Amino acid sequence: MNVERKTEEAILKIGDCEIKLPIITGTEGEKAIDIANLRKATGYVTIDPSFMNTAACYSQITYIDGERGVLRYRGIPIEDLVKLGSFTKVAYLLVNGHLPTPEQSRKFSHLLNINSLLHEDMRHFFDQFPRGAHPMHILSTMINALAAFYPNVDLMSLSEDIDASTARLISIVRTMAAVAYKKSIGEPIVYPRCDLKYCGNFLNMMFDSPVRPYTVRPEIERILNVLFILHADHEQNCSTTAVRTIGSAQVNLYATISAGMSALSGPLHGGANQEVITMLQQIANDGNISKFLQRAKDKNDPFRLMGFGHRVYKTYDPRARIIKHECEELFTQLNIEDPLLQVAREVEQAALTDEYFIERNLYPNIDFYSGLVYHAIGIPENMFTVMFALARLPGWIAHWKEMIGTHTRIVRPRQLYIGNAKSEL
Ligand code: ACO
C-alpha cells in the first residue's frame with residue numbers, strides 16, 4: 001500500500017535527545033504520528049492499553065468518523081449502500097474494492113450457489129455437540145474444521161482465487177448456521193436452494209419444515225439484507241483485530257475467521273444484541289426504567305445499559321439510526337405489536353436526557369434495535385450473534401486480504417514489564 005502523505009513532523013524530546021517523527025495524513029485529514037522507528041532511535045516504546053489511541057494499520061476499506069456519526073465502505077456512505085438492498089453486492093464491494101458489474105454479480109451469485117452445500121461428512125459433527133450448546137461455539141468449531149475438508153487454503157491458492165474463497169466462506173457458513181439451528185431444535189435440516197437469493201435462502205433453511213412449508217416474505221428478506229449490510233464491516237473492531245492478528249501469523253483463512261468469530265461472541269462485542277433483549281425483558285417485567293439507569297451508573301454494579309455506548313461513536317451510531325427507522329417500518333408493515341419496542345423507546349429517551357449518559361456521549365449503538373428486528377422476524381435469541389457473524393464475514397475477509405496483500409509482518413506488540421525484579425531462588 002502506497003502511503004505518501006508525510007506533510008509535517010512531530011518533535012519528541014527525551015532528555016537531551018530530540019527526534020523527528022513523521023506525521024501521516026489520512027484521506028479524510030486525520031493525522032497520525034508514525035512511531036515505527038521510535039524504539040530503534042531511542043530505546044523507548046509507547047504504551048497504549050486496549051489501543052485507545054493507536055492506529056494498528058493503514059486501511060482502504062472502511063471509514064468512520066465517530067464524532068460526526070459517519071460510516072462509509074470503500075468511500076460509499078452506509079445510507080446509500082442500504083438503498084442498494086443487496087448484501088452480496090456490498091460483500092463484493094468490501095472484498096474487491098468496487099461494486100460488481102452485472103456480469104461480476106452474476107458470477108459471484110453462481111459461486112455462492114455452487115459453494116453453499118456443506119460437505120456431507122461434516123453433517124455428523126453437529127450430532128456430537130450437546131443439545132443447548134450455543135450456536136456461536138458450534139459455528140467457530142465448524143469453521144475451523146473446514147480446513148480439513150477443503151485443504152486448498154494456503155495463501156497462494158486463496159489469494160489467487162479470492163472470489164471463490166470468499167463465496168465458499170460466505171455461503172457455507174450461512175448453511176452451517178442454519179444447520180446448527182435446525183439441530184438445536186431437533187428438526188431435519190433444509191438444504192440451500194439455487195432459486196433463492198442469499199438472505200432468502202438463509203430464512204428458508206432456518207424456517208422451512210416438511211410439515212410447515214415456509215414462504216420467504218419480501219419485507220423480511222429486505223430487512224435482513226439491510227441488517228447484514230449495516231454489520232458487514234466496522235474497521236478495526238475487536239474481532240477484525242483478532243482476524244488481522246491471527247492472520248498475520250499466516251494461519252489458514254478458516255482458522256483465522258474462526259478466531260474472529262470467537263472474539264465476536266463476547267457480550268461487549270457481538271453478544272450485546274442478545275443481552276439487549278434480555279435487559280429489555282427485565283425492564284418490561286419490572287416497569288421501573290430509572291432503577292435500571294441507576295444501576296448502569298453505579299460503578300459497583302456490573303450492570304451496563306446494553307446497546308449503549310461505543311468505543312468510536314461519540315454521537316448517535318449511524319447504523320442505529322437506520323435500523324431504528326427500519327424497525328419501526330417493519331413493525332407497521334407486518335402489524336407487529338411488541339411491547340419491547342415501546343420499552344426500548346422509553347429507555348433511549350430516558351438515557352439521552354440523563355446527565356451521566358450525556359456527559360459520556362453514550363448513545364444507542366446498532367445492537368440496541370437489531371435484536372428487536374431479529375425477534376420480530378422469528379430469529380431465536382441464541383442465534384442473534386450468529387446473524388452478526390454471518391454479516392461480518394465479508395469485512396473479516398476484506399481485512400484479511402488487505403493484510404496479506406500488504407505483506408504485514410507478524411503482529412507482536414511490546415509490553416512494559418512491571419513484575420518482580422530479578423530475585424534469588
Ligand atoms: N452503560 C453504562 N455506562 C457505560 C456504558 C453503558 N453501556 N458504556 C460506557 N459506559 C461508561 C463507562 O463506565 C465509562 O465511565 P467512566 O468514564 O465514569 O469510567 C465511560 O462510559 C466510558 O466508557 P468506556 O468503558 O471507556 O467505553 P469503551 O470504549 O471501553 O467501551 C463499550 C465501549 C464496550 C461498547 C461500552 O460502551 C459497553 O460496554 N456498552 C455496552 C455493551 C454494548 O452495547 N456493546 C456493543 C458494542 S457495538 C458492537 O460491538 C456492534
Side-chain angles (χ1 to χ4, degrees), residues 48-56 62 64 66-67 69 71 73 78 136 226-243 260-280 282-283 289-324 327 344 347-374 381 384-396 399:
D48 182 21
S50 303
F51 295 151
M52 300 292 286
N53 205 54
T54 295
T62 289
I64 302 177
E67 268 68 39
L71 172 62
Y73 300 158
I78 194 69
M136 278 301 274
V226 169
L227 273 165
F228 278 13
I229 292 169
L230 294 177
H231 281 95
D233 192 41
H234 215 230
E235 48 118 306
Q236 310 307 319
N237 56 86
C238 181
S239 53
T240 303
T241 301
V243 165
M261 188 82 83
S262 299
L264 190 75
S265 67
L268 294 190
H269 193 8
N273 52 13
Q274 189 177 342
E275 305 276 331
V276 170
I277 295 293
T278 311
M279 177 190 79
L280 292 177
Q282 280 171 356
I283 299 178
I289 292 178
S290 63
K291 186 171 106 191
F292 284 86
L293 287 195
Q294 230 21 69
R295 286 190 59 195
K297 296 189 276 187
D298 180 355
K299 298 289 173 211
N300 298 316
D301 188 330
F303 177 80
R304 282 193 159 197
L305 201 58
M306 299 312 282
F308 259 75
H310 198 274
R311 171 62 58 83
V312 180
Y313 293 120
K314 298 304 164 200
T315 181
Y316 214 104
D317 179 339
R319 304 166 302 170
R321 198 182 295 286
I322 295 170
I323 205 61
K324 180 181 179 189
C327 177
V347 170
E348 175 182 343
Q349 179 63 21
L352 293 183
T353 49
D354 185 295
E355 230 10 77
Y356 173 95
F357 291 87
I358 296 171
E359 259 174 29
R360 290 167 179 75
N361 296 315
L362 300 171
Y363 292 84
N365 60 50
I366 186 170
D367 286 331
F368 195 65
Y369 286 100
S370 65
L372 284 170
V373 176
Y374 287 138
E381 279 164 43
F384 285 7
T385 319
V386 170
M387 305 300 283
F388 190 162
L390 293 182
R392 186 52 60 85
L393 272 168
W396 288 332
H399 283 273

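Computed from a predicted structure; not experimentally measured. Computed from heavy atoms alone, side chains included, the values below leave out hydrogens, waters and symmetry copies. Both counts, for ligands and for their atoms, begin at 1 and track the order of listing.
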Would you please classify the geometry between the F368 ring and the F308 ring as parallel, tilted or perpendicular, with 30° and 60° separating the classes?
perpendicular

Identify the protein heavy atom lying closest to atom 50 (O) of ligand 1, giving its residue, its atom name and the separation to 0.1 Å.
H269 ND1, 3.2 Å

Just wondering, are more than 12 heavy atoms of other shown residues or ligands nearer than 6.0 Å to CD in Q349?
no

State whether the side chain of N53 and the backbone N or O of F51 hold a donor-acceptor pair below 3.5 Å, judged by distance alone.
no

If the cut-off is 4.0 Å to any non-hydrogen atom of G307, which atoms of ligand 1 fall inside it?
43 (C), 44 (O)

Distance filter under 4.0 Å to A272 heavy atoms, resulting ligand 1 atoms:
43 (C), 44 (O), 45 (N), 46 (C)

Proximity of D367 to ligand 1 by residue part, where a heavy atom lies under 4.0 Å
side chain

To the nearest 0.1 Å, how far is atom 30 (O) of ligand 1 from its closest protein heavy atom, and which atom is that?
R311 NH2, 3.0 Å

Which heavy atom of L305 sits nearest a heavy atom of F303, and at what distance?
N-CE2, 4.3 Å

Is ligand 1 under 4.0 Å from a heavy atom in the side chain of F368, in the backbone, in both, or in neither?
neither

What pair of heavy atoms forms the shortest contact from P267 to M306, and how long is it?
O-CE, 3.4 Å

Do K299 and ligand 1 have an N or O pair less than 3.5 Å apart?
yes

Pull out every atom of ligand 1 sitting under 4.0 Å from any heavy atom of F388, numbered as shown with elements.
51 (C)

Please verify the inter-ring angle class for Y313 with H234; under 30° counts as parallel, over 60° as perpendicular, anything in between as tilted.
tilted

Just verifying a value: how many Å separate S370 OG and I277 CD1, rounded to the nearest 0.5 Å?
8.0 Å

Distance to 0.1 Å, residue and atom name: give those for the protein heavy atom nearest to atom 25 (O) of ligand 1.
R304 NH2, 3.2 Å

Is a donor from one side chain sitting under 3.5 angstrom from an acceptor on the other, for E348 and Y316?
yes

For a side chain to side chain contact (heavy atoms under 4.5 Å, CB included) check, start with the C-alpha distance between I78 and Y73, then their side-chain angles and the critical distance, and finish with the verdict.
CA-CA 7 Å; I78 194 69; Y73 300 158; 3.6 Å; yes

Quick one: does atom 27 (O) of ligand 1 have a protein heavy atom under 4.0 Å from it?
no

Checking a contact table here: which protein heavy atom is nearest atom 40 (N) of ligand 1, and how many Å away?
F308 O, 2.9 Å

What protein heavy atom sits nearest atom 17 (O) of ligand 1, and how far off is it?
R360 NE, 3.7 Å

Quick one: does P267 get an N or O within less than 3.5 Å of an N or O on ligand 1?
no

Is the contact between L362 and ligand 1 made by the side chain, the backbone, both, or neither, using heavy atoms and a 4.0 Å cut-off?
side chain

Which atom pair, heavy atoms only, marks the closest approach of P318 to L71?
CG-CB, 4.0 Å

Return the residue, atom name and 0.1 Å-rounded distance of the protein heavy atom closest to atom 35 (C) of ligand 1.
G309 O, 3.7 Å

For atom 48 (S) of ligand 1, which protein heavy atom lies nearest, and how many Å away is it?
H310 CD2, 3.6 Å

Here the pair of heavy atoms bringing V276 nearest to D367 is CG2-O, 3.6 Å

Does the R392 side chain pair with the main chain of H231, one donor and one acceptor, at a distance under 3.5 Å?
yes

If you compare all heavy atoms of K299 against all heavy atoms of Y356, which two are closest, and at what distance to 0.1 Å?
NZ-OH, 3.0 Å

Please check whether F357 reaches ligand 1 - meaning an N/O of the residue sits under 3.5 Å from an N/O of the ligand, judged on distance alone.
no

Are any non-hydrogen protein atoms located under 4.0 Å from atom 21 (O) of ligand 1?
yes

Protein non-hydrogen atom found under 4.0 Å from atom 42 (C) of ligand 1
yes

At what distance is the nearest protein heavy atom to atom 7 (N) of ligand 1, and which residue and atom is it?
L305 O, 2.8 Å

Pull out every atom of ligand 1 sitting under 4.0 Å from any heavy atom of L268, numbered as shown with elements.
39 (O), 45 (N), 46 (C), 47 (C)

